[in-house]
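Keep in mind the model is a prediction, meaning the values are calculated, not measured. Each chain gets a letter, A, B and so on, in the order the sequences are listed, and its residues count up from 1.
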Amino acid sequence: MTLFHSYLMNLNFQIGFRYFSVLQPNYPDMITFYSVMFLLPAGIILLAIFLSKRSEN
Amino acid sequence: MEKTAQLSVQFDLYTTAAFVGYLLLIVGVGFYSTRFSSKGISEFFIGDRKMNRVVVALSAVVSGRSAWLLLGVTGMAYASGPSAIWAVAGYIIVELFLFLYYARRLRNFSGKRNCITIPDFFSERFSDKNGVLRTLLVVIFLIFMIGYVSAQFVAGGKAFASGFGLEMNTGILITATIVLLYTVVGGFLAVSLTDMFQAAFMLIALVLLPIIAIANIGGLAEMMQQLTLIDVAYIDPFAVSIGAAIGFLGIGLGSPGNPHIMARYMSIDDSKQLRTAAVVGTVWNVLMAWGAVFIGLAGRVYFPDVAMLPDSDTENLFPMLAQLQLHPALFGIVLASIFAAIMSTADSQLLVAASSVVRDIYDKQIKKGEEVSQNKLVLYSRIVVAALVLISLLFGFVATDLVFWLVLFAWAGLGASLGPTSILALYWKGTTRSGVIAGLFTGTLVTILWYYIPVLKNSLYELIPGFAAAMTVTWLVSLFTKPAPNTKRAFEDMFD
């Protein structure tokens, strides 16, 4: 295992953690969880509807 | 240390009746489709391009989802929490764009040029007169498709073994026999219609089960509170390493390169209907994927220790939770949904492999320039489907421990070779036949090599470098070679 590889694997790339921990010390928070588990799927479905209305070749 | 109680799957009459009812329905649909599928190979392999938008939407998404979604993703969410969502988000977005843009061009072109198979498409697009490109594609398809189909049979055997207490080899044989029955007689129509029923079974299982399981915990807030007490990572969608996150999202790159998914796009009756198909397919994909993740999260509350699951295997969570939460008849439907996922993938891949042999090798190479009757071609197609089932069975018996590895490997191999080349063929006029051949070799080789070098394999899912390398090589080689003379006309045929 290379040093870089080891670094990547151990980095634990918690984007949300780093971002929200500044705003809310009690991270992991409910906002992130609900956003990913409910708003993200809703957003994907809305994107599908939006693009299907305007898709051209 | 206190010994953890281990549960096992139990059956009763309701469960067995629901499961057997499902199998009879699937085989019945196969026989119902016989008359239509027997007219010719266009009917047998792509439903004569008369498929309804809802059937195409559901068939395309369900044939792309194997038991990996039901057993693998639920297990992944159980093991690592909501970060498993990134394993499904990638392919959902990619398939949305495929439906809306890629599929439309492919359907228009294949309809105007009478392409029945994916090698047909490449051959027409690049004026492949000597058949080198067509033959190369067939070889790639057969290698990966047979591996893929046998992996599905093994998954079916495993499910029978853990579910009904049968010998694994008996389970493999039963799975293969059912798939063989309805695919041989019903062809593409049977496969697509059964896919639709299978999509419904999977939807019931993956939507109903998490709702009931979470309600019985005391609601979502209660579930999250309990998960937090176990480990905060179980409510953290970003608790994932960068390599894993990229690898998860990269799974979606496999969708444009899997011929059994591409064949669905070619079968729709009107390319404009792909817009509706995109919405239907995406809604189904989203409900299934998020349902699988919620099952994993709820499962962690019911089974806090993995040792409580049979064989301490996280992939046993789905049937175990279903048995705990649902009426036996509904549990039968859940079991059926596992087989639905397995069979809907295997049947589609079988047809693609058979079409490569009959259409691309026999009809277009061996009998080139000769008129072969459609009845004869359909008969040969059925014989080849049966032969491929036998070959896949033999292969499956010696690769029983590698089932999910095979699925991912086949997905990656096809995605890396066929994905970038087909995208460039549809979107870049400068793409050449030599470029595509180089890209096909590169994608396949990089995927295999990457997989066998542990340092590389552990850092990134092999599909991503394979895809990138094939795209780059196709582009570079195309820059230095001459495009087919009919390229302008070919692009005109891609539009409505």
Side-chain angles (χ1 to χ4, degrees), chain A, chain B residues 81-83 85-86 88-89 92-93 95-97 99-101 104-105 108 220-221 224 227-228 231-246 271-272 274-283 285-287 289-291 293-294 297 454-456 458-460 491 494-496:
Chain A
M1 189 182 283
T2 63
L3 186 64
F4 178 66
H5 173 232
S6 169
Y7 170 74
L8 282 182
M9 295 311 287
N10 295 316
L11 183 59
N12 206 11
F13 193 67
Q14 296 179 358
I15 307 162
F17 180 88
R18 294 183 196 288
Y19 178 68
F20 281 103
S21 60
V22 177
L23 302 177
Q24 298 185 18
N26 295 327
Y27 182 86
D29 65 304
M30 300 302 143
I31 296 170
T32 312
F33 180 84
Y34 282 109
S35 299
V36 171
M37 298 308 285
F38 294 101
L39 291 183
L40 179 60
I44 293 173
I45 290 171
L46 287 175
L47 178 70
I49 295 168
F50 172 73
L51 290 177
S52 71
K53 297 282 181 202
R54 62 189 299 274
S55 88
E56 296 298 333
N57 235 323
Chain B
S83 59
I85 218 71
W86 308 116
V88 291
I92 294 174
I93 300 287
E95 287 182 9
L96 166 61
F97 282 91
F99 268 120
L100 290 173
Y101 303 104
R104 200 162 169 181
R105 290 189 176 206
N108 284 334
L220 197 60
M224 290 178 68
L227 286 172
T228 312
D231 189 335
V232 287
Y234 289 123
I235 61 159
D236 181 4
F238 294 100
V240 60
S241 72
I242 188 167
I246 295 170
S271 65
K272 292 187 186 74
L274 284 161
R275 294 179 185 199
T276 314
V279 178
V280 175
T282 303
V283 169
N285 260 341
V286 164
L287 289 175
W290 263 260
V293 174
F294 273 116
L297 297 180
V455 173
L456 297 177
N458 293 333
S459 62
L460 197 61
F491 268 74
M494 290 176 197
F495 293 87
D496 295 333

Residue pair [X] / [Y]: nearest heavy atoms and the distance that separates them:
X: B:W290; Y: A:V36; result: NE1-O, 3.1 Å
X: B:M224; Y: A:Y34; result: SD-OH, 3.8 Å
X: B:R275; Y: A:K53; result: NH1-O, 3.9 Å
X: B:L96; Y: A:I44; result: CD2-O, 4.5 Å

* To do: Over 60° means perpendicular and under 30° means parallel, so classify the ring planes of B:F294 and A:F33, tilted if in between.
  =>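 It falls in the perpendicular class, over 60°.
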Point-to-point distance, once rounded to the nearest 0.5 Å, from [atom1] of [X] to [atom2] of [Y]:
X: A:I45; Y: B:L287; atom1: CD1; atom2: CG; result: 5.5 Å
X: A:L46; Y: B:T282; atom1: CG; atom2: OG1; result: 11.5 Å
X: A:L40; Y: B:W86; atom1: CG; atom2: CH2; result: 5.5 Å

* Toward chain A, the part of B:F99 with a non-hydrogen atom under 4.5 Å ->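 Interface part for B:F99: neither.
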* **Portion of B:I93 that has a non-hydrogen atom of chain A nearer than 4.5 angstrom** => side chain
Quick check: do [X] and [Y] have side-chain heavy atoms less than 4.5 Å from each other?
X: B:Y101; Y: A:L51; result: yes
X: A:S52; Y: B:T276; result: no
X: B:L220; Y: A:M37; result: no

* Structure fact -> Pair count under 4.5 Å, heavy atoms only, with chain B: among A:P41, A:S35, A:A48, highest is A:P41
